Amino acid sequence: MPNVESITRGLNREQRDAIAHTEGPLLVLAGAGSGKTRMLTHRIAYLIGSGRARPREILAVTFTNKAAREMRERVHALLDADARGAQVATFHSTCMRILRREIAQLGYEPGFAIYDQADSLALVKRVLRALGAGVRAWPPRGVRARIDRLKNRGILPDDLVGGDDEDTQRFAEIYQRYQTELRRSNALDFGDLLVLTVRLFETRPEVLDSYQRRWRYVLVDEYQDTNPVQYRLLRLLVAAHQNLCVVGDEDQSIYAFREADIRNILDFEKDFPGANVVRLEQNYRSTQPILDAASAVVAHNLERKGKRLFTERDGGELVRMYEASDERDEASFVVSELLSWRDRGVRLADSAVFYRTHAQSRPFEEELLKYNLPYAVVGGTRFYDRKEVKDALCYLRAIRNPHDSESLLRIVNEPARGIGRTTIERVLACANERGVSIWSALGIALEEKRLGGAAFKRVSAFVELMEGFRAEAPGDSIGQLLARLLNATGYVAALEKEATVEAEARLDNLNELLSAVEEFERVNAPGVEEQENGDEPRDLLDLYLEQVTLLSEADTLDPSDDRLVLMTAHVAKGLEFPNVFVVGLEEGIFPHFASLDDPSAVEEERRLCYVAMTRARDRLVLCRAETRRLHGSLRYNQPSRFLSEIPGELASGDRPGDGGYAVGGERFPAEPSAGVRIDFSHAQWSPDDLPPFQAGQRVEHPIFGPGSVVEVAGSGSDAKLRIRFDRAGMKTIKLRYAELDLLN
DNA sequence: GACGGCTAGACTCTA
DNA sequence: TCTAGCCGTC
């Protein structure tokens, strides 16, 4: 057993408090970079090392596999080999493991498939078609998102109450059918993993009881991002002993779109009476200017407990700001900075570029290619989302679980084997009529001679092919199975015949998949992890398929390569880099335009900006572009409000907003000129009234000079004016920030 | 049943 | 700008 002294050595007082408080509910408010992973891992080690818990009595839940892996490794480093075996996993994989054991009680089979977003969308489309719901009234993506939101709130079709209006009823019908089809496929979507586990615990007290007794200590990372169904799950798990330790930072709650509820962390003390609270405010990552700038931004939010981050690090550069003319200029500025740093010996891997949306990566990629600089775009289209890779995996899935209809439909005519739309329609009709899976319907169609001569032959050949693989699948290595499968199905031959650059790339990807599979088999001696937990070893193919599905964006990041990483601010959470560029800081981009008319959504954008800024250890550079091409059209964006929320003394470079403008290379002073400032704090008009400007009026702007109002858009404090300035041309001015003089 | 060409609509963020 | 889905032709 490790020495308890050695476990707490080197921790600060607050961290030690958090570790020593082992019994009952505990809320740890951990600011960015305050050593929360350290606290969590040492807490696990302490629980075991002090003899309070056996490893298997501990459950630690995170949001990404990467975080789980890191935590597991760090716990292992603190403990002897025989003290390992605490379950450290994501919410989704924790639920998946529970369901693999228990799901028969809910009427599914343990070998269920897991549907990712693409599978789920395909199923929604099939359901809409079967129900005759038009895509205009029921856009598939919207329906999928609505179902997902409900599941994240723990609501299954049976729970939908009331709603006598047509929309609600029709939606309930769609949702019900979607869920029925999932069950017929013996498949679960991401939301099901959570909601069905809660359902299981709520309907089977004896099952819940066994897990309550098993996991006597529960730890949760990133608690601010839990959604209602995760919250319910945690409450159920700790109901008996209340040994729940949650760690989080309300300023880093950025997953409202998947129903994360910031109130979970804000109300923790109310939900768990008698909870202890520990605050970790000492930051071990960033310089003071970076911390102050990030804190100043997030201080503009109302929904927070408030904290003051400090560091013992001395000095540090000011936060830099750069104003680019367009997105290409923004990219070339970033790359030129990187080049000059590289000349001074800074590794590329020590820098990262964060943007709001994936679509912003492109100009950076082009610029980096120009200089032959290695880079990695994290996210976007994942390797496993590529068509050929997905096809190959669907073959494996269909062999493992033939009733997985989405997989089967995907590969039934891939490569083309003459089973076309007409045949499929017939089989689908049969499946709907009998209420069975597509695989069963294929059998029925053959048996009852429902298909024409040619179709009959092709379908029975396909069925035989799949059955042949099913019969020989066990015992075989996955790599061998996959290789044989790709050849026997003619998949490889079809690509080779195509002989295009694209086909060549697809073949490369399949080879890459093969090596990945082999690597997986090499690393995972049969069911290692499961055996540590005292469970039955699991089938390797099952493990592989679910691992691939539950893999997240950041999980694939390999820090040993010297390459620049580009990623969204969401993916960046939990990571840190010496040098960080946050780009595209413009109104409508970051904050994203979809959030602009909702104050709480803007607060979430602000938290996201805070997350991005606090990833930086030594240098932080903030960029924006005056114009940007988006979806093919040119847009003029105002500087992000977040930029003007940073106090002037913390920043250097082109400061927008009340810190002065740079226009055409010329610097303008921060002090407003004699223009009449419209002071909204004593507004003569209520925010919902029309703004006091009309098209056609002549106005004067302190920087752009005289001009004519062309258009007034929006109302209240979000109103915008389009003004054609005599010298500076057409500009869009946000009324809130405008210092306009009426000239009439 | 396969394939090519055209058009409307979409990109926010993710396990 | 890109792509999924539709339509027409062989």
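Note on naming: letters A, B, ... go to the chains in the order of the sequence lines (proteins, then strands), and numbering restarts at 1 for each one. Computed from a prediction, not measured in an experiment: that's the story for all the values here.
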B:dA15 OP1/OP2 closer than 4.0 Å to side-chain N/O of A:S93: no

Spacing of the P atoms in B:dC13 and C:dA4 (rounded, Å): 16 Å

Contacts of A:D192 that satisfy side-chain hydrogen bond (donor to acceptor under 3.5 Å, both in side chains) - sequence neighbours left out: A:K151, A:Q179

Whole-Å gap separating P (C:dG5) and CH2 (A:W138): 19 Å

Atom-to-atom span, CZ of A:R356 to C1' of B:dC13 - whole angstrom: 5 Å

A:R328 CZ - C:dT1 C1' separation (whole Å): 14 Å

5' priority, DNA chain C, between A:R629 and A:R421 [closest heavy atom]: A:R629

Spacing between A:L451 atom CG and B:dG1 atom P, to the nearest angstrom: 10 Å

Under-4.0 Å side-chain N/O to phosphate OP1/OP2 contact, A:R362 with C:dC2: yes

Candidate list A:E626, A:R356, A:R624, test side chain to side chain contact (heavy atoms under 4.5 Å, CB included), partner A:E586, passing option: A:R624

Pair assignment for DNA chain B - dot-bracket with | for other-strand partners, Watson-Crick or G-U under 3.5 Å: ||||||||||.....

Touch class at under 4.0 angstrom, heavy-atom based, for A:R141 against every strand present: sugar-phosphate

Nearest-nucleotide comparison on DNA chain B, the residue closer to the 5′ end among A:T568 and A:T422: A:T422

Separation of B:dA15 C1' from A:L196 CG (nearest whole Å): 15 Å

For atom CG of A:D148 and atom P of B:dT12, their distance in whole Å: 16 Å

Axial cation check for A:Y255 ring with A:R258, 6.0 Å and 45° limits: yes

Salt bridge (charged side-chain N to carboxylate O under 4.0 Å, His left out) partners of A:R426, counting only residues at least two apart: none

A:Y636 six-ring centre to A:R628 NZ/CZ under 6.0 Å and within 45° of normal: no

Aro-ring/base stack A:H592-B:dT12, d under 5.5 Å, angle under 30°: yes

Euclidean distance, atom CG of residue A:N152 to atom P of B:dA15 [Å, nearest integer]: 13 Å

A:A416 side-chain proximity, nearest of C:dC6, B:dA2, B:dC13: B:dA2

Stepwise side chain to side chain donor-acceptor pair (under 3.5 Å) test for A:R386 and A:N509: CA-CA 9 Å; A:R386 294 192 185 146; A:N509 286 334; 3.2 Å; yes

Short side-chain N/O contact from A:N413 to OP1 or OP2 of B:dA2, under 4.0 Å: yes

Touch class at under 4.0 angstrom, heavy-atom based, for A:A594 against every strand present: base

Sugar-phosphate only, base, or nothing, as touched by A:Y255 at under 4.0 Å among non-hydrogen atoms: sugar-phosphate

Sugar-phosphate only, base, or nothing, as touched by A:T423 at under 4.0 Å among non-hydrogen atoms: sugar-phosphate

B:dT14 phosphate, OP1 or OP2, under 4.0 Å from A:H92 side-chain N/O: no

A:Y355 ring center within less than 6.0 Å of A:H570 ring center: no

Residue mapping more 5' on DNA chain B - nearest nucleotide basis, A:R258 or A:R458: A:R458

Sugar-phosphate only, base, or nothing, as touched by A:K125 at under 4.0 Å among non-hydrogen atoms: sugar-phosphate

Ring geometry between A:W138 and A:F171 (parallel below 30°, tilted from 30 to 60°, perpendicular above 60°): parallel

Atom pair distance, as rounded to whole Å: CZ in A:F462 and C1' in B:dG1: 17 Å

